[in-house]
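In what follows, a structure is listed as structure tokens, so that the remarks can point back to it.
By convention here, the first residue in the shown sequence is residue 1. The figures here come from the full heavy-atom set of this structure, side chains too, leaving out hydrogens, waters and symmetry mates.
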Amino acid sequence: MKDGFRQAMAWLHTWSGLLVCWILFLVFSAGTASYFRDEISLWMKPELHAVHVRGVATASAASMAVQALQERAPDAKRWFVTLPTERTPAVRIAYSDPDKSKRGLKSALIDPASGVELKDPRETRGGEFIYRLHFDLHYMPPLWARWIVGFCAMFMLVSIVSGVITHKRIFKDFFTFRGNKGQRSWLDAHNVTAVLALPYHLMITYTGLVTLMFLYMPAATQVAYRGDREAMNAEVFPSAGAPAKPAGVAAPLAAIRPIIEEAERHWGGRAAGGFSVANPNDANARISVTRAAGRELSNKQPAMQFDGASGALLAQAGDAPSGAAATHGVMYGLHIARFADPLMRGFFFLSGLAGCAMVATGALLWAVKSRQRQAKALKAGGKVGFGTRLVEALNLGAIAGLPIAYGAYFWASRLVPVGIAERPETEIAWFFIAWGAAMVLAQIRPDRLMWRLQLGAGALLLMGIPVLNVFTTSSHLGVTLLQSRGPAAVAGFDLTVFALGLLLACAAHRLGRRAKDAVAAPRPSAAARDYAPAPMPETT
């Protein structure tokens, strides 16, 4: 009975993982990179590398932001200000267009020390594209994408739980790796990468589903609040104060510095992260200040609302959240890790890379086992099955093709002309052009040579980024290391992509060595030679 149950779990583990593994690899890789999305965005805007935030009080930066907004849009309906941090050194201001016929927001970046607008920072989605990619995908309605990602995440959760049940010696196998043993080596690699960060894999998959639980499981809201989502949000996630309609009576806006200082005193010295102003320069103006993210697990940050004309405190929320709000905030916070310091984010990043390796080795293991099952048919003159060939091609296009896509995206951020129209979409287009080309080539020839070519291309692109940076910016790795100038994030990004490229180069080199070792092997049959080169080496 036990063996039968474990065999059933093994079947469930295999198919629940295989059917969605290529989307999961994209989601895991993009989500892993998103732990440093602010640093990626900063790297992709070299015009901001000279901006320094140290020694600038948030209240002073807020005053400069209000002054800039008064000059640009005194009649706007709403203002939005994001205050600087070590990870995002510039002040971002945004405002609604006073012309009601136009939708959307206009924005600008302000130097927090001088108050001067940072002219001509290149337009780019930066790390935000990668962050949105891991749950919104691209080129499709976000609602559809989130359902697809949620479906794959549920399969992932089932695969993790069934994998733990299937492996009787899972923790013992964690300390066992047998190289050059074919299928056994791939299974060992899969076990090690799975167990290495098993708590992380469970946490990140479950919390990812929880962040969109109102989309996937809306029945509770429908029953308890009769479908009134606003009533549910008002009770479970209350906001600080209620919106006010403009009075139509002009009134000067209260000074922002005392408001920010009062909010920070209330939060025990914690800095404000940003604020918004509704109906600026109106008698019914409202200023809402939100605390910056700190070391708490919860992603929910308290807020305070002030009267925009007098500066008087009107309301506050989030200091003592309800149990439901606190639980949801912790789940969401665990998933995006805003609470983490650089070292902790580094651990999350390595755990995410282990998740990518777990998904990749699982997919490769299925292909190796399937090819071994068809060995007799190949010797008898048969052909590789369509399913096996399809999986091998998809493995190649996803596992080796995605690094090419990321490399192309980062190269485009430096090489695409700064002033062209729709520049962010052009950068994103190069991501999908590169990935699409890799997927097509993988379908045409999913063999060892193509693995070497694509791994080598990914290695060249990633390892070439620091070199490209030297010729296209003045704040490259050499300046940071030799002259101690420029943000550390730039040096960290260059070193990270170079290390990842080096890993790809080592994999491509090892494939070449295995190919040389296979030269002396017995000559295969004519049918087998149609698909002769193994899609991957039999060892990790």
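A salt bridge does not link Arg338 to Glu296: none of the charged nitrogens lies less than 4.0 Å from a carboxylate oxygen. Using a 4.0 Å cut-off between charged side-chain N and carboxylate O, Glu39 and Arg345 make a salt bridge.
Arg389 contributes a side-chain N or O that, together with a main-chain N or O of Gln443, makes up a donor-acceptor pair within less than 3.5 Å. In this structure, Trp451 contributes its side chain and Leu511 its backbone to no donor-acceptor pair below 3.5 Å. Side chain of His201 to backbone of Leu196: no donor-acceptor contact under 3.5 angstrom is found. Listed for the His328 side chain is no donor-acceptor partner under 3.5 Å among the backbone atoms of Ala325.
Under the 3.5 Å distance criterion, with hydrogens and angles disregarded, no donor-acceptor pair is assigned to the side chains of Thr32 and Ser29. Between Asp494 and Trp43, the side chains place a donor N or O and an acceptor N or O closer than 3.5 Å (distance only, hydrogens not considered).
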Q.
For a ring pair (Phe, Tyr, Trp, His ring centres under 6.0 Å) check, start with the C-alpha distance between Phe129 and His138, then their side-chain angles and the critical distance, and finish with the verdict.
A. CA-CA 9 Å; Phe129 159 68; His138 204 70; 5.6 Å; yes
Q: Kindly indicate, with the supporting measurements, whether the criterion side chain to side chain contact (heavy atoms under 4.5 Å, CB included) is fulfilled by Leu83 and Arg92.
A: CA-CA 7 Å; Leu83 294 173; Arg92 183 180 185 273; over 6 Å; no
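The side-chain tip of Arg6 does not point at the ring of Trp11 from less than 6.0 angstrom away and within 45° of straight on.
Residues passing the ring-ring contact (aromatic ring centres under 6.0 Å, His included) test with Tyr35, sequence neighbours excluded: Phe348. Remark: Glu47 pairs with Arg122 by the side-chain hydrogen bond (donor to acceptor under 3.5 Å, both in side chains) rule, at least two apart or across chains. Scanning for side-chain hydrogen bond (donor to acceptor under 3.5 Å, both in side chains) contacts around Thr207 gives His335, with sequence neighbours left out. Arg146 is linked by a side-chain hydrogen bond (donor to acceptor under 3.5 Å, both in side chains) to Asp136, counting only residues two or more places apart in sequence or in another chain. With sequence neighbours excluded, no residue forms a side-chain hydrogen bond (donor to acceptor under 3.5 Å, both in side chains) with Ser413.
Counted within 6.0 Å of CZ on Phe471, heavy atoms from surrounding residues, nucleotides or ligands total 12 or fewer; the atom is thus considered open. Crowding of Phe339 atom CZ: a count of heavy atoms from other residues, nucleotides or ligands under 6.0 Å exceeding 12.
Of all heavy-atom pairs between Ala408 and Leu461, the closest is N-CD1, 4.2 Å.
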Donor-acceptor pairs are to be reported for all side-chain atoms of residues 427-442 against protein atoms at under 3.5 Å, with residues two or more places apart or in another chain.
unit_1, atom_1, unit_2, atom_2, d
Glu427, OE1, Thr124, OG1, 2.7
Glu427, OE2, Arg423, NH1, 2.5
Trp435, NE1, Gly397, O, 3.1

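Checked against the 6.0 Å centroid criterion, the rings of Tyr216 and Trp147 qualify as a close aromatic pair. Centroid-to-centroid, the aromatic rings of Phe410 and Phe493 come within less than 6.0 Å.
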